Amino acid sequence: MTDVTTDNVEEAAALRAAMVRELRDQGAIQSEPVAAAFATVPRHLFTPGEPLKAAYAANNAPVVKTDDNGLTLSSVSAPHLQATMLEAAEIEPGMRVCEYGSGGYNAALLAELVGDSGRVTTVDIDAEIVERARTFLDEAGYHQVDVVLADAEEGVPESAPFDRIIVTAGSWDIPPAWIAQLSDDGRIVVPLRLKGTTRWIAFERDSLGGLVSRSYGLCVFVPFQGAGSRTERTVVIDTGVVLRMDGADLKVDVEALRRALHLPGIERWSGAVFDMPDELTLFLLTNDPRMAMLHADQDAIDQKLLARPALKGVPVLISGDSFAYRAARPSDDMSSGYESGVYAHGPSAENVAARYVELLRQWADKYHRRGASSIRYIPKPASPLTPASGVITKRHGTVVVTWP
């Protein structure tokens, strides 16, 4: 248990200071207000059961609650991710901030950032999590934070408008209530599900009544519960081999892909650098409508059905009875030390590999940097947008990812 007595208060303070230094070195903390908040809030009070060193580990996200199958329902996000999103939010003293997905610790950081003249409301759908957050906030001295039991889908109209909305659960869509309850010059930072992956995106209003991104980054969050929940589409190709994707637009011939999986594969190399895999993944997923995410378990890798990149999930290009997925190999000629390429299977392996290699070269030539894309959220239009590679249809609107 995390039991901070008079004898180890100094240890907690030292660990907290070390965490701040590490977060600065990682680039997660970039401003003095965010550094001061992390240096002040006693994280260990919000992570009972964790040893002090684990409580202050920069990349540790303690699990708070699981379901009967062991799936995580709530966790305290890792400090690195919290700091990154708080920096993207650019919170100032006096602001009114709403947090969806409560654990207590992030709400305390928000309280430090808005100061005595601001207001923080933290919301969760789980009564047990709400009670837990209220208890820990009180123990840590943050009595001014409002803790609300509600479904995030409807927002908190009685406390709106908000200058900032910070979402700390994985969201498949952006409810209309969030946009309606955002101030005219406000900002939403939300982990948004995009074609089988999640990006935190800092959105501001655009001139057309929607939202446009200022920045974004890769992240992983526990998914939302309640009205805003969404079961991801998964397609099982073989034992331990699945596809994950948004919506039902991509047609998949399971039997044909299973046959392709068991055919000898080919590999083709692009002559282009392999680097920034998270940015490359977003580019690939939003530049061909036939892209999905391919996942394989260790047994499938050990059987050599697929290569190791599929173990953690990799963009896959599907073309009827064939497919190709990203690869990398060491190369002294590349700035990163690696060259990008593809593995392909099926009767049309050469064609699908050639298309994939074309995309890899395009990425390396034009977009080999962070933040190269622009992400817009358009509330549900009167008529659906024309289907295209970067157009992702949601329940309440459409996400459009472009690469200027």
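Sequence positions, counted from 1, serve as the residue numbers for this chain. Quick caveat: nothing in here was measured; it's all calculated off a predicted structure.
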(request) Salt-bridge test for K53 and E11: reply yes if a basic N is under 4.0 Å from a carboxylate O, no otherwise. (result) no
(request) Salt-bridge test for D321 and R259: reply yes if a basic N is under 4.0 Å from a carboxylate O, no otherwise. (result) no
(request) Start with the C-alpha gap between R326 and T281, add the side-chain angles, then the distance that decides, and say whether side chain to side chain donor-acceptor pair (under 3.5 Å) holds. (result) CA-CA 9 Å; R326 191 191 68 212; T281 292; 3.1 Å; yes
(request) Could you go through the side chain to side chain donor-acceptor pair (under 3.5 Å) check for S171 and Y100 one step at a time? (result) CA-CA 10 Å; S171 181; Y100 292 116; over 6 Å; no
(request) Answer yes or no: is there a donor N or O on one side and an acceptor on the other, between the side chain of Q181 and the main chain of E154, under 3.5 Å? (result) yes
(request) For the pair R395 and W172, evaluate side chain to side chain contact (heavy atoms under 4.5 Å, CB included) and give the outcome as yes or no after the intermediate values. (result) CA-CA 9 Å; R395 180 183 299 142; W172 190 78; 4.0 Å; yes
(request) Would you mind checking if R361 and E358 are paired as a salt bridge, meaning a charged N to carboxylate O distance below 4.0 Å? (result) no
(message) Strictly below 4.0 Å, N to O, side chains only: are R21 and D25 in salt-bridge contact?
(response) no
(request) Please confirm whether Y216 and W200 have ring centers closer than 6.0 angstrom. (result) no
(request) Return each pair, listed once, that meets salt bridge (charged side-chain N to carboxylate O under 4.0 Å, His left out) where at least one residue sits in residues 271-285; pairs must be two or more places apart or across chains. (result) D278-R370
(request) Using distance alone, with no hydrogens and no angle criterion, decide if E99 and T121 have a side-chain donor and acceptor under 3.5 Å apart. (result) no
(message) Between E131 and R134, does any side-chain N to carboxylate O distance fall below 4.0 Å?
(response) no
(message) Using a strict threshold of under 4.0 Å (side-chain N to carboxylate O), is an ion pair present between R233 and D246?
(response) no
Pair up each side-chain donor or acceptor in residues 207-214 with any protein partner under 3.5 Å, not counting sequence neighbours, and list the distances.
from	atom 1	to	atom 2	distance (Å)
S213	OG	I375	N	3.0
S213	OG	I375	O	3.4

